Amino acid sequence: MDYRFTLLPGDGIGPEVTGAALEVVQAAGVSVSWERHAAGAAALEAGEATPLPDAVLRSIERNRVALKGPITTPVGTGFSSVNVALRKALDLFASVRPVRSLPGVASRHAGVDLTIVRENTEGMYSGREHEVVPGVVETLRIVTRAASERIARFAFELARREGRRSVTVVHKASVLKQSDGLFLACCARVGQDYPFIAAEEVLIDNAAMRLVLAPERFEVLLSENLFGDLISDLCAGLVGGLGVVPGANIGERHAVFEAVHGSAPDIAGRGTANPAALILSAAMLLDHIGERRAAAAITSAVEGVLAARRQVTPDLGGRASTQEMTLAVIARLRPSGGEAGG
């Protein structure tokens, strides 16, 4: 079957790692026509009036699925986050971040295998803030029953599909009694429909400590927006960093798969960027559309290259270029199972 998806190459190292992912998808035998669009700083540099042109949204609405490279978000000034704008415009309410210990990747823990499910559309990231008086800024933290129940059901359904035995709700209802109290109550209510999955709840500060001490005890972590953002990166650090962790933003009709690391402008164009995260995100995309055999083959190939440690980029302790690591992954997709030279 021939597919047509949207591609947002991104900024900085984005075009390099998206190019690598496309090569691997093609080598896995999946035929995809990619509709390319610029977003973020790349869009502004191309003369667009906005970092998220309307053509980008229309493309994803047509194709339903997109692969996105890292897009720069200015800190404190400049344009608003394109990532947040995409989630809101397309109602990509679920951020899904699988985090697993990988062979050959140095980390403080072994046996980590968990998935973070984060509500993506409200909370502190609703973007509703204003200056009340000079020097005083007020930000609204929005929590609704509808969004809370929707993300809870998504998390429990994910746990059911993956054969997980527990869902842990991360919150701060001890202080945020109404907002997180509502979120917690909604998760508990939805959890009653899944009696075969253990539902537990833990305060965000305690969750952070427990994740550092014994992350292997968790299976699915369910959280509102801000807390989910924080623990997502914390968990990535447990298995080697953002360079080896894939991600997705999923809604009822659309899904955007992305590398969760930054655009790394300091190494852009050098050919040394680690493509693993975006290649694994592309594998998530293939699994999402039902190309499970190709998705599993790509994931296995990446793990094989990481385990061998001979064709990995400098951030992983090797000397390989982006292209050399990509070719090593592709070599493991071939029937011979060989490895790229060097």
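Fair warning: this is a prediction, and the values are worked out from it, not measured in the lab.
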In this structure, OG of S179 is separated from CG of L140 (nearest 0.5 Å) by 11.5 Å
How would you list, by chain and number, every residue that makes a side-chain hydrogen bond (donor to acceptor under 3.5 Å, both in side chains) with S166, sequence neighbours excluded?
E219
Assess whether atom CD of E200 is packed by more than 12 heavy atoms of other residues, nucleotides or ligands within 6.0 Å.
yes
When rounded to the nearest 0.5 Å, the distance separating CG of L92 from CD of E252 is 11.0 Å
Tell me whether R58 at atom CZ has more than 12 heavy atoms from other residues, nucleotides or ligands lying less than 6.0 Å away.
yes
Applying side-chain hydrogen bond (donor to acceptor under 3.5 Å, both in side chains) to E122 and not counting sequence neighbours gives T144
Say you draw a straight line from CG of D229 to CE of M124; how long is it, rounded to the nearest 0.5 Å?
11.5 Å
Taking atom CZ of R108 and atom CG of L238, what is their separation to the nearest 0.5 Å?
10.0 Å
Would you mind reporting whether V239 and R100 have side-chain heavy atoms less than 4.5 Å apart?
no
Sequence-distant partners of E45, side-chain hydrogen bond (donor to acceptor under 3.5 Å, both in side chains), two or more places apart:
none
Taking the side chain as every heavy atom from C-beta outward, state whether N274 and H261 have any atom pair closer than 4.5 Å.
no
Salt bridge check: are R253 and D91 linked by an N-O gap of less than 4.0 Å?
no
Salt bridge (charged side-chain N to carboxylate O under 4.0 Å, His left out) pairs, two or more places apart, involving residues 29-41:
R4-E35, E35-R62
Closer than 3.5 angstrom, by distance alone: can the side chain of E258 be matched with the main-chain N or O of P70 as a donor-acceptor pair?
no
Quick check on R128: does its CZ atom have over 12 non-hydrogen neighbours (other residues, nucleotides or ligands) under 6.0 Å away?
no
CD of Q323 to OG1 of T272, rounded to nearest 0.5 Å, is 13.5 Å
Restricting to pairs with a member in residues 158-170, which pass salt bridge (charged side-chain N to carboxylate O under 4.0 Å, His left out), not counting sequence neighbours?
D113-R164, E157-R160, E162-R164
How many angstroms lie between CG in D233 and CG in L242, if you round to the nearest 0.5 Å?
4.5 Å
So do K68 and L86 actually touch side chain to side chain, heavy atoms under 4.5 Å?
yes
Within 45° of the ring axis of F227 and under 6.0 Å from its six-membered ring centre, is that where the NZ or CZ of R141 lies?
yes
Qualifying residues under side-chain hydrogen bond (donor to acceptor under 3.5 Å, both in side chains), relative to E129, sequence neighbours excluded
T139
Between T322 (side chain only) and G271 (backbone N and O only), is there a donor and an acceptor less than 3.5 Å apart?
yes
Measure up the F93 and F154 rings against each other and bin them: parallel (under 30°), tilted (30 to 60°), perpendicular (over 60°).
perpendicular
pair V143-S148: side-chain heavy atoms closer than 4.5 Å
yes
With the side chain counted from C-beta on, respond yes when L278 and L67 share a heavy-atom pair under 4.5 Å apart, and no when they do not.
yes
Counting neighbours of CD on Q26 that are heavy atoms of other residues, nucleotides or ligands and sit closer than 6.0 Å, is the number greater than 12?
no
Which class fits the ring pair F5 and Y3: parallel under 30°, tilted 30 to 60°, perpendicular over 60°?
parallel
